[in-house]
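Written below as structure tokens is the structure these notes are about.
Lettering follows sequence order; numbering is per chain, from 1. As a basis for the values below, the full set of heavy atoms in this structure was taken, side chains included, without hydrogen atoms, waters or symmetry mates.
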2 protein chains.
Amino acid sequence: MSENRDERITDLLRKNGLKATKGRVEVLELFFEAGRPLAQMQIMEMLRLKLDRASVYRILNAFAEAGIIHTAYVDGRHRVYELPDKCSGRNCHPHFSCRGCGMTACLEDFHVHYKGTLGKGFVAERQKVLIEGLCPDCKKT
Amino acid sequence: MSENRDERITDLLRKNGLKATKGRVEVLELFFEAGRPLAQMQIMEMLRLKLDRASVYRILNAFAEAGIIHTAYVDGRHRVYELPDKCSGRNCHPHFSCRGCGMTACLEDFHVHYKGTLGKGFVAERQKVLIEGLCPDCKKT
DNA sequence: TTCATTTTGCAATTATGTCGCATCTATGTT
DNA sequence: AACATAGATGCGACATAATTGCAAAATGAA
């Protein structure tokens with residue numbers, strides 16, 4: 001079971017031209033388990049500092065370049081990364097970010113429509129929609 | 001005329017409980033003149049380094065806390081700030097950010113509608129919509 | 001003008017992210 | 001299974017954005 005998962009992750013890495021190193025497997029597992037966008041700092045904590053800071057950044061950059069993950073929102077300080085299967089290109093779903101604890105979540109049941117034109121000569125490549133507010137925990141305090 | 005403007009700005013500062021210092025007046029003038037979101041770096045350049053870096057940050061934070069400006073989009077590197085009159089609360093207009101030069105613009109004729117629900121207990125306070133792409137200049141190259 | 005309170009400038013510090021280089025590891029080949 | 005090597009990691013140094021402590025200066029109320 002854990003082996004199946006490992007195999008799936010290993011395959012995913014190799015299919016994308018990346019060696020399946022311990023660090024990469026562990027980071028990618030985190031993304032599958034988390035099911036929500038993660039920042040570098042959170043990954044470091046979840047791995048209990050088993051990996052070097054620079055390595056985590058390099059892993060995230062490699063994943064992003066390969067398309068395994070892509071960078072989602074930035075709350076002013078942190079880049080967050082997530083698996084693209086749920087969130088790709090122009091149909092990117094919105095995200096929620098808590099101003100209390102900084103947690104980020106995907107808003108699956110939230111649909112965004114927009115109409116209008118960009119100026120002449122402008123090209124749109126991606127949209128990012130972020131709802132800021134308070135999560136249930138931070139709302140209490 | 002310039003005095004009227006200065007007076008208006010001075011009043012705005014005092015009304016919000018902030019002393020009308022030279023630096024604050026100059027920064028706030030910039031925002032009124034620019035009519036678009038500004039990053040700290042741009043402000044420094046426009047003021048030709050007359051103010052210390054730390055002071056600019058403190059001024060921006062003070063303004064943001066007082067509600068005179070608020071932080072808008074981040075293009076991955078820079079926080080940008082803008083006057084709230086054109087962009088307030090849940091009716092915030094979208095922004096465009098060029099991945100080439102990092103320039104940020106307001107999209108006035110661009111309307112965003114969304115429907116759906118946040119999870120239980122979540123409170124939405126603001127929305128941020130960002131279209132990323134290329135501006136006419138960067139498109140050429 | 002005087003004076004208490006804030007704000008500023010400067011330097012040092014923290015935080016995020018990148019880079020170079022020596023060492024180590026994953027993987028295809030023998 | 002052992003080997004060779006392209007590529008990944010750890011470490012330290014560096015780059016940039018932003019914050020903080022503290023002494024000196026400026027604001028604005030009396």
Rounded to the Å, how far apart are Met41(A) CE and dG17(C) P?
10 Å

Value in whole Å for how far the P atom of dG17(C) lies from CG of Leu51(A):
16 Å

Do Leu51(B) and Val27(B) make a side-chain contact, defined as non-hydrogen atoms from C-beta onward lying under 4.5 Å apart?
yes

Less than 4.5 Å apart, any side-chain heavy atom of Leu28(B) and any of Leu83(B)?
yes

Specify the separation, in whole Å, of atom CG of Asp52(B) and atom P of dA18(D).
14 Å

Is any NZ, NE, NH1 or NH2 atom of the basic residue among Glu82(A) and Arg36(A) found under 4.0 Å from an Asp or Glu carboxylate oxygen of the other?
no

Would one find a side-chain N or O of Tyr57(B) under 4.0 angstrom from OP1 or OP2 of dA18(D)?
yes

Considering all heavy atoms of both residues, which atom of Leu13(B) and which atom of Lys19(B) are nearest to each other, and what is their separation?
CD1-O, 4.5 Å

Under 3.5 Å, is there an N or O donor on one side and an acceptor on the other linking the side chain of Arg53(B) and the base of dA18(D)?
yes

Can you measure Asp11(B) atom CG to dT27(D) atom P for me and round it to whole angstrom units?
16 Å

Leu60(B) CG to dT7(C) P: how many Å, rounded?
14 Å

Given side chains that start at C-beta, do those of Val80(B) and Leu38(B) come closer than 4.5 Å, heavy atoms only?
no

Note: for Ala54(B) and Ile59(A) on DNA chain D, the residue whose nearest nucleotide lies more 5' is Ile59(A)

Met44(A) atom CE is separated from dA15(C) atom P, nearest whole Å, by 13 Å

Without decimals, in angstroms, what is the distance between Glu26(A) CD and dA26(C) P?
12 Å

For atom CD of Gln40(A) and atom C1' of dT14(C), their distance in whole Å:
14 Å

Do Phe63(A) and Tyr81(A) have ring centroids that are under 6.0 Å from one another?
no

Is any side-chain heavy atom of Val56(B) closer than 4.5 Å to a side-chain heavy atom of Leu60(B)?
yes

Could one point to a donor on the side chain of Arg58(A) or the base of dG7(D) with an acceptor on the other under 3.5 Å away?
no

Please list, by residue number, the residues of residues 12-25 of chain B whose heavy atoms come closer than 4.0 Å to an atom of DNA chain C; answer none if no residue qualifies.
Lys19(B), Thr21(B), Arg24(B)

Using a cut-off of strictly less than 4.0 Å, decide whether Asn61(B) has a side-chain nitrogen or oxygen near OP1 or OP2 of dA18(D).
no

